[in-house]
Enquirer: 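One structure follows; several queries about it will come next.
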Amino acid sequence: MKTIIVGLGNPILGDDGVGWKVAEEVKRELTSPPAPLLLGEGSEVDVEFLSLGGISLMEHLIGYERAILIDAIATEKETGSVIVSRLSEMSDHSAFHITSAHDTSLQNALRLGRTMGANLPEDVTVVGIATDHIYDFSEELSPPIAAAIPKAARIVIDLL
């Protein structure tokens, strides 16, 4: 199944960059011998690092059967908790990089894309890392968020 893994966030906004860090760890594990999957052209899995949402994010999902999105999320859960949810089960409203204040939610963008004939994944999973500091300028993650990276990466690999 052709799969895209997308690390979302902004790596210079502290904990908001956790999606990128988890995706980097997943990519490192998938390319280390003996790798269960090969990455790159012609492979079944691609890993991308993006700072966008809505229609722009939807465009990156075209041609894939499955997508795994990794992002910092605001939640009542303990900081550093890892939450896994299908996009179809999530509220359809603005939430960090799943949408953009300047266009539409990813759910709406996917519906629009399908209406226009785009080949988009039905299976979209969100791996969220609970955080409450996403707008602090820093390239470092807070300790509880950094500690969540191995667990979140393992979850993503297990989803494959």
Side-chain angles (χ1 to χ4, degrees), residues 2-31 39-41 43 45-64 66-75 77 79-88 90-113 116 118-121 123-153 155-157 159-160:
K2 188 131 176 82
T3 302
I4 186 169
I5 297 168
V6 182
L8 293 167
N10 188 329
I12 64 166
L13 286 180
D15 289 347
D16 188 51
V18 70
W20 283 41
K21 298 287 188 185
V22 172
E24 287 170 355
E25 179 62 24
V26 169
K27 187 172 187 174
R28 190 171 18 263
E29 288 191 35
L30 293 178
T31 56
L39 299 179
E41 194 169 326
S43 74
V45 179
D46 291 320
V47 180
E48 288 197 30
F49 308 88
L50 302 171
S51 297
L52 43 78
I55 292 173
S56 297
L57 177 54
M58 177 270 294
E59 290 173 336
H60 284 269
L61 305 183
I62 292 172
Y64 291 93
R66 177 172 55 171
I68 300 171
L69 310 178
I70 312 160
D71 200 2
I73 60 169
T75 179
K77 305 256 183 203
T79 299
S81 298
V82 180
I83 299 105
V84 180
S85 181
R86 294 183 51 80
L87 181 65
S88 61
M90 296 180 73
S91 299
D92 188 0
H93 59 80
S94 179
F96 305 105
H97 299 288
I98 301 246
T99 190
S100 165
H102 300 288
D103 60 31
T104 188
S105 69
L106 179 56
Q107 293 97 323
N108 284 336
L110 289 170
R111 282 191 289 276
L112 174 65
M116 297 175 71
N119 179 18
L120 291 159
D123 183 1
V124 180
T125 302
V126 177
V127 177
I129 297 85
T131 184
D132 53 3
H133 296 288
I134 58 166
Y135 298 113
D136 299 335
F137 282 103
S138 172
E139 292 184 24
E140 302 297 321
L141 300 176
S142 65
I145 300 302
I149 292 172
K151 179 180 180 182
I155 289 170
V156 171
I157 290 169
L159 287 169
L160 294 174

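What you see is a predicted model; the values in this text were computed from it and never measured. One is the number of the first residue; the rest follow in order along the sequence.
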Enquirer: For S51 and P11, which heavy atoms make the closest approach, and how far apart are they?
Expert: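 Where S51 meets P11 most closely, the heavy atoms are OG-CD, 4.4 Å.
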Enquirer: Start with the C-alpha gap between H60 and L52, add the side-chain angles, then the distance that decides, and say whether side chain to side chain contact (heavy atoms under 4.5 Å, CB included) holds.
Expert: CA-CA 10 Å; H60 284 269; L52 43 78; 4.2 Å; yes
Enquirer: Nearest 0.5 Å, please: how far is CG in L120 from CG in L110?
Expert: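 CG of L120 is found 5.5 Å from CG of L110.
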Enquirer: How far apart are the closest heavy atoms of G14 and L141, and which atoms are they?
Expert: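 That would be O-CD2, 3.2 Å.
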Enquirer: As a quick check of understanding, evaluate salt bridge (charged side-chain N to carboxylate O under 4.0 Å, His left out) for K27 and E24, giving each step before the final call.
Expert: CA-CA 5 Å; K27 187 172 187 174; E24 287 170 355; over 6 Å; no
Enquirer: I would like to know whether K21 and I70 meet side chain to side chain contact (heavy atoms under 4.5 Å, CB included); could you show each step before the answer?
Expert: CA-CA 9 Å; K21 298 287 188 185; I70 312 160; over 6 Å; no
Enquirer: Tell me the closest heavy-atom pair linking L61 and A67, and the distance in Å.
Expert: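 Looking at all heavy atoms of both residues, the closest pair is CD2-CB, 4.0 Å.
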Enquirer: Indicate the atoms forming the closest heavy-atom contact of A130 with I83, along with that distance.
Expert: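 It is CB-CD1, 4.0 Å.
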Enquirer: What pair of heavy atoms forms the shortest contact from I129 to A148, and how long is it?
Expert: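 I129 and A148 have their closest heavy atoms at CG2-CB, 4.0 Å.
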Enquirer: Between L160 and R66, is there a side-chain heavy-atom distance shorter than 4.5 Å?
Expert: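 Yes; the side chains approach each other to less than 4.5 Å.
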Enquirer: I'd like to know if the side chain of D15 and the backbone of S142 have a donor-acceptor N/O pair within less than 3.5 Å.
Expert: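 Yes, D15 side chain to S142 backbone: donor-acceptor pair under 3.5 Å.
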Enquirer: Nearest 0.5 Å, what's the CD1-OH distance between I5 and Y64?
Expert: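 The OH atom of Y64 is 10.0 Å from CD1 of I5, to the nearest 0.5 Å.
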Enquirer: Going from CG on L8 to CZ on F49, what distance comes out if it is rounded to the nearest 0.5 angstrom?
Expert: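 That separation rounds to 11.0 Å.
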Enquirer: Once rounded to the nearest 0.5 Å, what's the spacing between atom CD1 of I62 and atom CD1 of I4?
Expert: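 Reported to 0.5 Å precision, the distance equals 10.5 Å.
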Enquirer: For the backbone of R86 and the side chain of T125, can you confirm whether one donor and one acceptor N or O come within less than 3.5 Å of each other?
Expert: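 The answer is no, because no donor-acceptor pair under 3.5 Å joins these two groups.
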Enquirer: Are L159 and T3 close enough, and set up right, to give a side chain to side chain contact (heavy atoms under 4.5 Å, CB included), and what steps lead you there?
Expert: CA-CA 10 Å; L159 287 169; T3 302; over 6 Å; no
Enquirer: Please evaluate residues D16 and D71 with respect to the criterion side chain to side chain contact (heavy atoms under 4.5 Å, CB included), reporting the C-alpha separation (whole Å), side-chain torsions for both, the decisive distance (0.1 Å), and the verdict.
Expert: CA-CA 7 Å; D16 188 51; D71 200 2; 4.3 Å; yes
Enquirer: Compare every heavy atom of E48 with every heavy atom of A23, then report the nearest pair and how far apart it is.
Expert: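 The answer is CB-O, 4.5 Å.
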Enquirer: Quick check for you: to the nearest 0.5 Å, what is the distance between L50 atom CG and S56 atom OG?
Expert: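 Between atom CG of L50 and atom OG of S56 there are 9.5 Å.
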Enquirer: Nearest 0.5 Å, please: how far is CG in L112 from CG in L106?
Expert: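 L106 CG to L112 CG: 11.5 Å, rounded to 0.5 Å.
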